[in-house]
Protein chains: 2
Amino acid sequence: MKRWTLEDIGKLAGVSRSTVSRVINDHPHTSPAVRQRVEQVIRETGYQPNSAARSLASSQSRILGLVMPSLLQSAFADPYYALVIQAISQACIQHDYTPSLFLFQNAAEEAKMSQRLASSGLIDGLIVTADTIDSQFVQMIQPYDIPFVQIGRPQRESASCISYVDVDNEAGAYLAGSHLLQQGYRRIGQIATLHNTAGQDRDAGFRRALNDRGLPIDEALIALSSFSEASGYRAMQHLLPRQPEAVFAQSDAIALGAIRAIRDSDLRVPEDIAVVGFDDMPLAASSSPPLTTVRQPIARAGKLAVETLLDIIQTSPQPARHIVLPVELVIRASSGAVS
Amino acid sequence: MKRWTLEDIGKLAGVSRSTVSRVINDHPHTSPAVRQRVEQVIRETGYQPNSAARSLASSQSRILGLVMPSLLQSAFADPYYALVIQAISQACIQHDYTPSLFLFQNAAEEAKMSQRLASSGLIDGLIVTADTIDSQFVQMIQPYDIPFVQIGRPQRESASCISYVDVDNEAGAYLAGSHLLQQGYRRIGQIATLHNTAGQDRDAGFRRALNDRGLPIDEALIALSSFSEASGYRAMQHLLPRQPEAVFAQSDAIALGAIRAIRDSDLRVPEDIAVVGFDDMPLAASSSPPLTTVRQPIARAGKLAVETLLDIIQTSPQPARHIVLPVELVIRASSGAVS
DNA sequence: CCAATATCTGGGAGCGCTCCCAATTCTTGC
DNA sequence: GCAAGAATTGGGAGCGCTCCCAGATATTGG
């Protein structure tokens, strides 16, 4: 297949380069007859404009970068990331943008790439999922003027000047905690992940739920974990001797691990210990028992992140956009509310 | 931050555009003194070459596309894909290439994008994970002359002329089957996924293992499934009434679903039914019981796919490269071999 | 029917690089 | 000490597009 150029197509259609360009970019001031003829030729030749030339001339690449800094091997296995990636990829394609993926293993890689990402012009904007407390990535790209949006709340100091799309983790955890209280449980444990902002917010919501009912927080019933099944299992093993009646796990993966730990000790869910998760992953509905959990709209968040970023690119970075999506409690068997 | 150009850097270093270009691209014929001066200026300014201009002039983008056609929402949740993506992203960055991700939902999207991917010059090469029997994607890009590598064996008709990186699914399933036979099991079931080539190969290996021991295949003990936990659960439910002594599940996700189904029927693994999986996902080692499974080198396969693709790009598409990686059996508790 | 305006079209300039060739400078050998 | 050759360096051309302006053509009103 020949590599056609605008000029070629123009010649074949009997018009100039510029006219073909106008047709392709849907600019006004082209007569319907000409437009049709050109479109015909484009269809017949299978012409595709050269993206490099386009980028160079228009100084925009129509490529969006998705950056996930310093993920542990296991952390990335959480289906959460797969869903985020999928949603963003979808949204990009829908808006005729190309998604590029940057998964970094360590700070050195981040540093090396941040400059390139920000100033080679390869990428029009960045979506960053850097809500771990110690991630430096956002600080590294802020000095550059590349548009970016964070998924998840940034750390407090910088939150106001950074655009982000988040889900209402605090409210979700509040719902989860309140639900367990409503079921009559009093010794309620939590498996928490405090090294990212989502975990902190969920922790805050959980505590507020207990406070609102006048229940003191028993710190011995709070176990720390990372966002993985195995780590949820371990955390639950620590909690078991303290005999909680119920546990709020900060993610579904953690909840699944916790359930496994409970069953391995020959206890039943929810009869002996009730469990609530967070995320509503596909797995949650079909686990044994089906998991009561807080549904967060991951796909919508991803889509909104892309659209917010495009808005920033097309209009102006100021003011920073802050979007917080509502979540809902999905009640299933694991919390003892349904048989 | 100013957007520097080669010309700017040249002026600052007292040399010409061309010399700076030579330094950046590590071409020979530059005096050490000049080279050092230029590198100094580049460091001070933070200059990054404009990728669009580079692509246009050199007609290569240093972008690799990763295409995953028509994945169901749930299929993508399988950590397998996350690991593949991670490995490929890593390998790209290592080789100074940028990975782009194309997840397609349906055939229409595939058709629309295949042409663009193949002939806009945006992408230097493609890695395709299209081993489902009915995927048309490979056929759609074959007419173009864009280099591509498939992960997983292509369908028979086209396998010889397509470069691919695969793992030895047949041998792995043979190992799994033989292992169960060696444990003394005779009524051995299989949960199979036949709509992709990996599943077919695993099926063949499993059957060969049984055949080699003179055991007839009981088709009633073979249940069909897709690559998901939930679907493994359902398949196992079908198998349970037939009372298999052991089950070979074609993936770890399926195996986990099967184990859940077995336990939900108040049977034990491995005492009542032994289970072997395939993949050796991170989860497999820490499940209850730990899963005997066939370890496939996903990260290595991803890395090799990238490197094979780069080799094709840099040298020639001919002859087609065929790489089949060995797998190994990892024996854990679920097959009854260890206490 | 022609001037005035609105609509359409063509071509020059330029985006920031790479590639190539010619010009310049530096070596080296006899 | 000077020619022949090798190592450096500079600048033109061009990659395929977009953007803009000027010229051509069509449309309208008086």
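Labels below follow one simple rule: chain letters A, B, ... track the order of the sequence lines, proteins then strands, and each chain is numbered from 1.
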What is the minimum heavy-atom distance between B:His322 and B:Ser163, and which atoms define it? CD2-CA, 4.3 Å
Euclidean distance, atom [atom1] of residue [X] to atom [atom2] of [N] [Å, nearest integer]:
X       : N      : atom1 : atom2 : result
B:Asp26 : C:dT18 : CG    : C1'   : 15 Å
A:Arg37 : C:dT9  : CZ    : P     : 9 Å
A:Arg62 : D:dT18 : CZ    : P     : 11 Å

Mind checking side-chain hydrogen bond (donor to acceptor under 3.5 Å, both in side chains) for A:Ser89 and listing every partner two or more places apart, or none if nothing turns up? none
Computed from five pairs at either end and rounded to 10 degrees, the angle between the axes of the helix from C:dC1-D:dG30 to C:dC30-D:dG1 is 30°
Output, in order, the C-alpha distance, side-chain angles, deciding distance and verdict of salt bridge (Lys or Arg N to Asp or Glu O under 4.0 Å) for A:Asp145 and B:Arg3. CA-CA 11 Å; A:Asp145 54 2; B:Arg3 264 291 161 58; 5.3 Å; no
I'd like to compare against my own output: the B/S/- annotation of nucleotides 11-17 of chain D with a strict under-4.0 Å heavy-atom distance to protein. BBBBBBB
Check [Y] with [X], please: is the shortest side-chain N to carboxylate O separation under 4.0 Å?
X        : Y        : result
B:Arg321 : B:Asp311 : yes
A:Arg17  : A:Asp8   : no
A:Glu307 : A:Lys303 : yes

Is it the case that the side chain of A:Asp124 and the backbone of A:Gln60 share a donor-acceptor pair, with hydrogens and angles ignored and the cut-off at 3.5 Å? no
Applying a 4.0 Å non-hydrogen cut-off, can you work out what B:Ser51 is touching in the nucleic acid: base, sugar-phosphate, or nothing? nothing
Contact nearer the 5' end of DNA chain C, comparing A:Arg35 with B:Ile24: A:Arg35
If the cut-off is 4.0 Å, is A:Ser31 near the phosphate of C:dT7, judged by side-chain N/O to OP1 or OP2? no
